[in-house]
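Each chain gets a letter, A, B and so on, in the order the sequences are listed, and its residues count up from 1.
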Number of protein chains: 2
Amino acid sequence: MATIYDVAQRARVSPATVSRVLNGQATVDPGLAARVRTAVRDLNYRPNSVARSLRRSRTTLWAVIISDVGNPFFTALVRGVEDVGQRAGYSVVLCNSDEDPAKEARYVTAALEDRMAGVIISSSGRSANVNRLIEAGTPVVAIDRQISGTRVDSVLVDNEHGAELATAHLAAHGYRRIACITGPRKLSTAAQRLRGYQRALAANGLAAPACLVRHADFREEGGYAAMASLLDAADPPDAVFAANNLMTVGAVECLVDRGIGIPDRIGVVGFDEVPGARLFRPSLTTVAQPTYELGRTAATLLAERIAEPDRPPSTITLRTELKVRESSRR
Amino acid sequence: MATIYDVAQRARVSPATVSRVLNGQATVDPGLAARVRTAVRDLNYRPNSVARSLRRSRTTLWAVIISDVGNPFFTALVRGVEDVGQRAGYSVVLCNSDEDPAKEARYVTAALEDRMAGVIISSSGRSANVNRLIEAGTPVVAIDRQISGTRVDSVLVDNEHGAELATAHLAAHGYRRIACITGPRKLSTAAQRLRGYQRALAANGLAAPACLVRHADFREEGGYAAMASLLDAADPPDAVFAANNLMTVGAVECLVDRGIGIPDRIGVVGFDEVPGARLFRPSLTTVAQPTYELGRTAATLLAERIAEPDRPPSTITLRTELKVRESSRR
DNA sequence: CTGTTAGCGCGTTCAT
DNA sequence: ATGAACGCGCTAACAG
């Protein structure tokens with residue numbers, strides 16, 4: 001593949017002039033510039049961005065580390081990141097950690113070695129990986145999940161408030177034994193949504209026995225198993241709040257399999273919009289998150305931090321919205 | 001950030017020795033190797049893979065260019081690519097073209113400039129972009145969609161056969177006016193699935209009037225509109241074969257909105273598994289594709305081509321499977 | 001087995 | 001406004 005020297009030779013100028021024409025910084029004689037552009041076209045020249053990155057000591061790559069590419073929540077988010085990133089001249093490397101801290105660590109290592117311009121991460125728990133990036137001076141933005149004990153730009157949603165609204169809504173519709181299927185203990189989102197649930201119960205004078213709470217894995221299977229376990233308990237619930245989209249699907253599947261009517265025998269509210277929800281009857285009440293916006297915001301924050309590395313970290317919290325549909329009204 | 005010279009100085013060896021220890025090619029005196037490893041740890045040294053790539057004239061990045069990150073078909077595929085790629089030492093850059101040839105062209109340019117080690121592409125129609133890659137000597141694998149007029153490694157599924165099975169199945173269950181909602185004319189998958197549909201009709205002695213065929217956009221909205229258009233026609237169908245997953249969802253939504261019973265008034269079969277299908281009653285009959293395997297196979301092929309650039313291109317066709325469920329039996 | 005040297009392709013001084 | 005020379009960090013070739 002042609003190099004800048006080949007172009008220079010063909011255009012009878014120096015490589016420096018070619019570089020100037022291509023990057024449009026300094027002024028170049030129009031005649032020479034035209035010769036250069038012709039030579040570029042003739043040789044089908046593409047600048048080598050590896051050499052460029054080495055010379056400039058910076059790349060145009062962002063890593064987005066998420067825990068599940070199969071979850072529409074994350075793909076919507078990635079789409080938001082990508083749209084903003086591409087506009088700012090960055091390519092996005094999608095890294096799927098599968099909720100596995102070891103895999104996440106490998107991606108962080110790769111981001112470090114590739115000298116990525118920035119990282120957006122929805123971390124699977126511990127702050128160690130994020131700290132490695134910060135120590136190396138790599139711009140980072142935490143998205144969706146909070147990093148405890150580390151000051152870092154973050155884009156979150158009002159998890160506690162959303163969960164509280166969802167639970168209060170169930171209480172307002174006469175449900176009394178409201179269960180909660182939340183996520184892994186280590187994840188901030190799971191903890192915050194559980195807290196919102198508990199606060200709503202307290203505010204409505206309802207008991208919040210531990211036997212109505214399940215910690216699952218934020219996946220469909222986990223939601224199914226948790227729902228089954230709640231139903232098999234001594235005193236089953238009459239409503240359930242599931243703390244993410246896939247677990248909501250699992251829980252509903254379990255109810256359908258057992259022929260338990262929604263919303264009559266059991267009311268259901270899920271956190272985050274559910275894939276395929278439109279096909280399901282009754283339609284599902286959910287706490288909607290601005291997923292695409294989440295990605296856009298994180299990308300914007302990352303671009304700003306790259307431009308201004310020393311400014312203090314900021315946290316942006318986006319609002320959720322309760323979408324009342326049929327699954328929660330009896 | 002520390003360089004290989006910093007490490008060499010601290011370990012009192014030459015940079016070349018550090019390189020040898022890190023890459024494990026040549027043999028190095030155990031004592032020196034230990035000193036190097038200590039220095040690496042002390043300085044928290046990370047090799048600069050930009051410099052390495054420049055020196056070696058090759059990178060460890062693959063681009064996967066797909067048309068819709070929001071479609072579970074593509075995310076499953078990407079997951080397969082990524083799993084194989086990571087094992088072979090490659091990171092995967094996910095590029096979402098949104099079915100837009102211009103956006104696809106930009107990603108191809110980026111892949112070229114970044115000297116990516118390889119590209120896996122589900123191209124949105126024309127072969128021009130793929131040809132640019134081939135001319136530049138970049139290893140390419142076409143996935144899901146065939147590239148016409150260009151010899152290139154390809155991983156496809158037996159679209160025509162799958163569509164034929166689906167349509168024949170509807171005919172066998174007594175449906176007589178079977179419609180087809182297929183994709184954009186330019187896409188090989190759309191054309192092949194349409195041909196399979198037509199062949200099955202012919203084999204079963206059924207007419208195949210053009211008024212029963214719709215070309216939509218492979219998205220939910222398109223499926224919905226196409227279904228509506230079929231229902232509003234003079235002589236509506238009693239069954240429909242939808243040529244991809246999202247259009248199936250759209251078509252079913254349309255039927256639900258209009259209160260048209262499935263499978264009694266209209267039988268439904270979709271190509272590719274449908275997101276959220278498990279929640280839907282009646283359950284949907286589909287032509288299942290080995291999506292994850294598709295990705296794995298393409299990645300394997302790409303790795304092989306990188307190792308052996310001059311071997312003749314091969315095409316691998318994976319099998320689909322008809323999953324008979326409730327939506328097609330009356 | 002180890003060190004010295006050169007160069008991957010580019011952008012950026014510094015002269016002119 | 002243009003060109004010559006250097007070096008980003010690394011690894012491969014060669015010498016010792």
Chemist: What is the separation between atom CG on L22(B) and atom P on dA12(D), rounded to the nearest whole Å?
Modeler: 13 Å
Chemist: CG of L112(A) versus C1' of dG9(D): gap in Å, rounded?
Modeler: 16 Å
Chemist: Report yes if a side-chain nitrogen or oxygen of T27(A) is closer than 4.0 Å to either non-bridging phosphate oxygen (OP1 or OP2) of dA1(D); otherwise report no.
Modeler: yes
Chemist: Without decimals, in angstroms, what is the distance between R55(B) CZ and dT5(C) P?
Modeler: 16 Å
Chemist: Does dG9(C) have its OP1 or OP2 closer than 4.0 Å to a side-chain nitrogen or oxygen of T3(A)?
Modeler: no
Chemist: Should the pair E104(A)-R132(A) be classified as a salt bridge under the 4.0 Å nitrogen-to-oxygen rule?
Modeler: no
Chemist: Heavy atoms only, 4.0 Å cut-off, all strands: where does P15(A) land among base, sugar-phosphate and nothing?
Modeler: nothing
Chemist: Is D68(A) salt-bridged to R79(B), cutoff N-O under 4.0 Å?
Modeler: yes
Chemist: Between the side chains of R145(B) and E99(B), is the shortest nitrogen-to-carboxylate-oxygen separation below 4.0 Å, so that they form an ion pair?
Modeler: yes
Chemist: For R115(A) and dG9(D), what is the distance between atoms CZ and C1' respectively, to the nearest whole Å?
Modeler: 9 Å
Chemist: OP1 or OP2 of dC8(D) versus the side-chain N and O atoms of N48(B): is any pair under 4.0 Å?
Modeler: no
Chemist: Can you figure out which of dG3(D), dA12(D), dT2(C) approaches the side chain of A16(A) most closely?
Modeler: dG3(D)
Chemist: Please indicate whether E304(B) has more than 12 foreign heavy atoms, meaning atoms of other residues, nucleotides or ligands, lying under 6.0 Å from its CD.
Modeler: yes
Chemist: Does any donor-acceptor pair link the side chain of R20(A) with the base of dG3(D) at a separation under 3.5 Å?
Modeler: yes
Chemist: Within this structure, what is the CZ-to-P distance between R56(A) and dG11(C), rounded to whole angstrom?
Modeler: 6 Å
Chemist: Measure from CZ on R12(B) to C1' on dT2(C) and round the result to the nearest Å.
Modeler: 15 Å
Chemist: Just to confirm, is there a sub-4.0 Å distance from OP1 or OP2 of dG11(C) to any side-chain nitrogen or oxygen of R52(A)?
Modeler: yes
Chemist: If you find the nucleotide of DNA chain C closest to V28(B) and the one closest to A51(B), which residue's nucleotide is nearer the 5' end?
Modeler: V28(B)
Chemist: Among dG3(C), dG3(D), dA12(D), which is the nearest nucleotide to the side chain of V13(A)?
Modeler: dG3(D)
Chemist: Rounded to the nearest angstrom, tell me the gap between atom CE in M1(A) and atom P in dC10(C).
Modeler: 11 Å
Chemist: Could you tell me whether the phosphate oxygens of dC8(D), OP1 or OP2, come under 4.0 Å of any side-chain nitrogen or oxygen in S57(A)?
Modeler: no
Chemist: Within this structure, what is the CG-to-P distance between L54(A) and dG7(C), rounded to whole angstrom?
Modeler: 17 Å
Chemist: Taking the side chain as everything from C-beta on, heavy atoms only, tell me whether V141(A) gets closer than 4.5 Å to R305(A).
Modeler: no
Chemist: Taking for each residue the nucleotide of DNA chain D with the nearest heavy atom, is it S14(A) or Y5(A) whose nucleotide lies nearer the 5' end?
Modeler: S14(A)
